[in-house]
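A short write-up of the structure that comes next.
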Amino acid sequence: MKNKIGFNPIFALLAFPIGLALFREFDFQNFEFKKPALGILYLITFITCIILMLKKNKTLS
C-alpha cells in the first residue's frame with residue numbers, strides 16, 4: 001500500500017479564516033505585521049492547521 005497524503009476538511013475550514021485574518025494583519029507596503037504578536041500567533045496557527053490538514057493517514061495493517 002502507498003502512503004497517501006490525507007486531507008482533513010475540518011482543518012481546511014479552520015485554516016481559511018485564519019489565513020484571511022493573517023492576510024489582513026500583514027502590511028504589504030512595509031512588509032511587517034500591524035500588531036506583531038497577533039500576526040505571529042496567526043502565522044503559527046495557520047502553519048499548524050496546514051500541517052494537520054495534509055498529515056499522512058495512518059493505516060492499521
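Count residues from 1 along the sequence. Below, all heavy atoms of this structure are taken into account, side chains as well, without hydrogens, waters or symmetry copies.
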Donor-acceptor pairs under 3.5 Å, side chain of residues 45-54 to any protein atom, not counting sequence neighbours: which ones?
unit_1 : atom_1 : unit_2 : atom_2 : d
T45    : OG1    : L41    : O      : 2.8
T48    : OG1    : I44    : O      : 2.8

Cluster link [X] to [Y], ILVMFWY, side chain under 4.5 Å:
X: L14; Y: L20; answer: no
X: F11; Y: F7; answer: yes
X: L22; Y: F28; answer: yes

Between side-chain atoms of residues 32-40 and protein atoms elsewhere (two or more places apart, or another chain), which donor-acceptor pairs fall under 3.5 Å?
unit_1 : atom_1 : unit_2 : atom_2 : d
K34    : NZ     : R24    : O      : 3.2

Review point. Taking side chain as C-beta onward, heavy atoms only, is F31 less than 4.5 Å from F26?
Key: yes
